[in-house]
Number of protein chains: 2
Amino acid sequence: MAAVPVQPEITNTTALPVHFGLVVFPFYRVLDIFGPFDVFNSLATVYDIPMKLSVLSTTMDTVSSSPVGGPVIVNGSYNDFGESIKPTMTFAEYLAKNETKHVAIGGETSDIDVLVLPGGSGTRAIMEQEVAFVKAVFPKVKYVLSVCTGATIAARAGILDGRRATTNKKAWKWATSTGNSTEWIGRARWVDDGNIWSSSGVSAGTDMAYAWVSSVYGDAVSDYLSKVAEYTRWSDPNEDPFADIWGVPT
Amino acid sequence: MAAVPVQPEITNTTALPVHFGLVVFPFYRVLDIFGPFDVFNSLATVYDIPMKLSVLSTTMDTVSSSPVGGPVIVNGSYNDFGESIKPTMTFAEYLAKNETKHVAIGGETSDIDVLVLPGGSGTRAIMEQEVAFVKAVFPKVKYVLSVCTGATIAARAGILDGRRATTNKKAWKWATSTGNSTEWIGRARWVDDGNIWSSSGVSAGTDMAYAWVSSVYGDAVSDYLSKVAEYTRWSDPNEDPFADIWGVPT
């Protein structure tokens with residue numbers, strides 16, 4: 001029997017990102033958030049490295065993934081089946097650098113290094129505050145990671161102008177219409193455009209997260225975490241059967 | 001170009017489950033919950049069928065996935081990087097059939113049809129209330145779905161005695177020790193044992209959820225939802241590379 005996997009060292013010797021920020025809004029898609037954050041949580045627990053988290057929203061109220069309370073009712077549904085996540089800080093508090101409130105889980109005030117933008121039907125709203133927040137913080141963040149239609153928040157903030165990105169394949173036509181100066185990549189599980197990474201719909205965010213961890217913390221780290229999670233990473237960003245399935249121009 | 005997928009009808013004509021229950025506790029693993037619930041949420045939204053949800057915990061406080069606040073500190077870590085979910089009801093309220101509180105998201109009082117037991121390092125605790133809750137409600141539920149070390153809650157409640165089940169592969173030795181009368185299946189992505197389904201670690205819960213939807217709502221429904229989520233389902237319950245990777249006896 002082969003030896004079981006052993007936790008590898010983080011070999012990256014450059015400064016690692018510390019402060020993660022997550023934007024949440026009503027009618028978010030849960031896997032867009034928790035696919036990637038399962039990876040980041042595991043990184044924090046397994047490696048015990050300094051990592052902070054701010055969960056940001058318009059108010060401090062819990063935010064539901066369900067249509068009710070969200071801006072869009074699909075199929076005429078008022079179904080409120082969904083799970084609620086607790087913000088740690090409002091957009092306004094973060095932007096005001098309120099010293100009392102502007103403290104992440106993990107302690108201490110600092111700027112966000114890694115900003116995660118999930119998608120979901122809730123992105124069909126105007127998202128004025130979310131878009132303004134992304135625009136305001138982008139100059140200081142090290143990475144933006146968008147999942148699914150979360151790319152539309154980035155596009156509306158203007159940060160995808162002249163950049164390469166991808167988004168949800170079923171919602172391709174609408175989603176790409178939010179960024180007319182973006183080079184949208186039709187066949188891509190995810191797109192690495194330097195400080196902006198974007199993934200295809202829903203479950204693609206998980207593969208992007210493992211690829212991003214591979215890039216930033218080392219491939220052995222990503223591989224080990226994926227085995228702990230009993231997950232088979234998709235490691236080819238160009239492998240994307242869903243482009244054809246949903247008739248996306250490629 | 002092939003036509004894009006069209007939402008199929010639910011062809012199952014028997015009574016569908018309505019009321020889902022989710023047990024949450026500190027230091028849960030997020031993908032154990034949100035892999036399956038991404039599927040169930042999508043089912044509720046896309047099909048607009050009557051579905052209710054109760055998120056159950058010891059108290060009404062938000063529950064974090066992080067080690068801090070959880071019963072076990074791994075690697076000496078006091079890292080509190082994690083996300084908090086909001087319960088809708090306590091175990092005691094549900095068991096007391098409190099008419100005011102015993103109302104699920106989705107409205108109205110009813111018994112839970114589908115009870116989901118996630119895993120995570122938090123299951124290393126005694127879990128007295130969680131185990132007692134599972135024991136109390138099992139006679140009336142239609143399905144129990146355990147993910148990862150969530151199977152240990154079921155085992156400690158005695159409901160896996162004489163039953164077939166699987167669990168997390170890295171934590172196999174400890175996890176299986178909680179159920180000495182259980183037939184633990186070493187090589188299995190998930191195990192369907194009638195009214196009790198159990199999956200392997202973390203990401204395996206997602207594949208079990210699609211398989212369960214296939215079984216209960218129809219395979220075309222499961223296939224469609226997986227394509228919307230841009231997810232390639234593992235459809236063979238016996239396909240499990242992680243048994244060998246983690247040295248599980250098979």
Side-chain angles (χ1 to χ4, degrees), chain A residues 1-5 20 22 29-31 33-35 37-38 40-42 44-48 51-53 55 62 65-67 74-77 79-86 88 105-107 121 148 168-170 200-204 206 227-232 241-242 244-247, chain B residues 1-5 20 22 29-31 33-35 37-38 40-42 44-48 50-53 55 62 65-67 74-77 79-86 105-107 121 148 168-170 200-204 206 227-232 241-242 244-247:
Chain A
M1 192 181 78
V4 299
F20 288 66
L22 168 64
R29 179 101 193 201
V30 295
L31 196 62
I33 291 178
F34 293 105
F37 274 90
D38 193 79
F40 306 148
N41 292 350
S42 183
T45 306
V46 169
Y47 281 93
D48 195 17
M51 285 173 63
K52 305 185 212 179
L53 175 62
V55 180
T62 57
S65 65
S66 80
V74 292
N75 292 350
S77 172
N79 200 320
D80 60 358
F81 190 97
E83 301 77 46
S84 292
I85 187 172
K86 180 68 183 158
T88 65
I105 289 177
S121 298
C148 192
N168 182 288
K169 296 302 150 64
K170 182 168 186 283
S200 274
V202 197
S203 76
T206 309
K227 284 172 176 158
V228 169
E230 301 187 27
Y231 186 71
T232 302
F242 299 101
D244 288 339
I245 286 171
W246 291 111
Chain B
M1 193 181 78
V4 299
F20 288 65
L22 168 64
R29 178 102 193 200
V30 294
L31 196 61
I33 292 178
F34 293 105
F37 273 91
D38 193 78
F40 306 147
N41 292 349
S42 183
T45 307
V46 169
Y47 281 93
D48 195 17
M51 284 173 64
K52 306 185 212 179
L53 175 63
V55 180
T62 57
S65 65
S66 80
V74 292
N75 292 350
S77 173
N79 200 320
D80 59 358
F81 190 97
E83 300 77 46
S84 292
I85 188 172
K86 180 69 183 158
I105 289 177
S121 297
C148 192
N168 182 288
K169 296 302 150 63
K170 181 169 186 284
S200 275
V202 198
S203 77
T206 309
K227 284 173 176 159
V228 169
E230 301 187 25
Y231 186 71
T232 302
F242 299 101
D244 288 339
I245 286 171
W246 291 110

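First the proteins, then the strands, lettered A, B, ... as listed; each starts at 1. Every heavy atom of this structure was used, including side-chain atoms; hydrogens, water molecules and symmetry mates were not. Because the structure is predicted, anything quoted here is derived from the model rather than measured.
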Among the options B:Pro50, B:Gly35, B:Ser42, pick out the one with the most heavy-atom pairs lying under 4.5 Å from chain A.
->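 Sorted descending by pairs with chain A, the first entry is B:Ser42.
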
Could you tell me which of B:Ala204, B:Ser203, B:Ser65 has the largest number of non-hydrogen atom pairs under 4.5 Å with chain A?
->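 Of the options given, most contacts go to B:Ser203.
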
Do you know which of A:Lys170, A:Lys169, A:Arg29 has the most heavy-atom pairs under 4.5 Å to chain B?
->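 Heavy-atom pair counts peak at A:Arg29.
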
Check whether any side-chain heavy atom of A:Trp246 lies under 4.5 Å from a side-chain heavy atom of B:Val228, and answer yes or no.
->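 Touching, per the 4.5 Å side-chain cut-off.
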
Flag the pair A:Glu230 / B:Ile245 as yes when at least one side-chain heavy-atom distance between them is below 4.5 Å, and no otherwise.
->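 No - every pair of side-chain heavy atoms lies 4.5 Å or more apart.
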
Grab the two heavy atoms, one from B:Leu31 and one from A:Phe34, that are nearest each other, plus how far apart they are.
->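 What the structure gives for the nearest pair is CD1-O, 4.0 Å.
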
Contact class of A:Ser200 relative to chain B, heavy atoms under 4.5 angstrom =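 Its backbone and side chain both get close to chain B.
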
Under 4.5 Å heavy-atom distance to chain B, tell me which part of A:Thr206 shows up: side chain, backbone, both or neither.
->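 Neither the backbone nor the side chain of A:Thr206 comes within 4.5 Å of chain B.
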
Which residues share a ring pair (Phe, Tyr, Trp, His ring centres under 6.0 Å) with B:Phe40, sequence neighbours left out =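 For B:Phe40 the ring pair (Phe, Tyr, Trp, His ring centres under 6.0 Å) partners, ignoring immediate neighbours, are B:Phe20, B:Phe37, B:Trp212.
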
Measure the spacing between CD of A:Glu83 and CG of B:Leu22 and express it to the nearest 0.5 Å.
->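 Answer for the CD-CG pair, A:Glu83 versus B:Leu22, is 7.0 Å.
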
Can you tell me how far CZ of A:Phe81 sits from OG1 of B:Thr45, rounded to the nearest 0.5 angstrom?
->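 Here the rounded value is 9.0 Å.
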
Evaluation steps, side chain to side chain contact (heavy atoms under 4.5 Å, CB included), between A:Ile85 and B:Thr62 = CA-CA 8 Å; A:Ile85 187 172; B:Thr62 57; over 6 Å; no

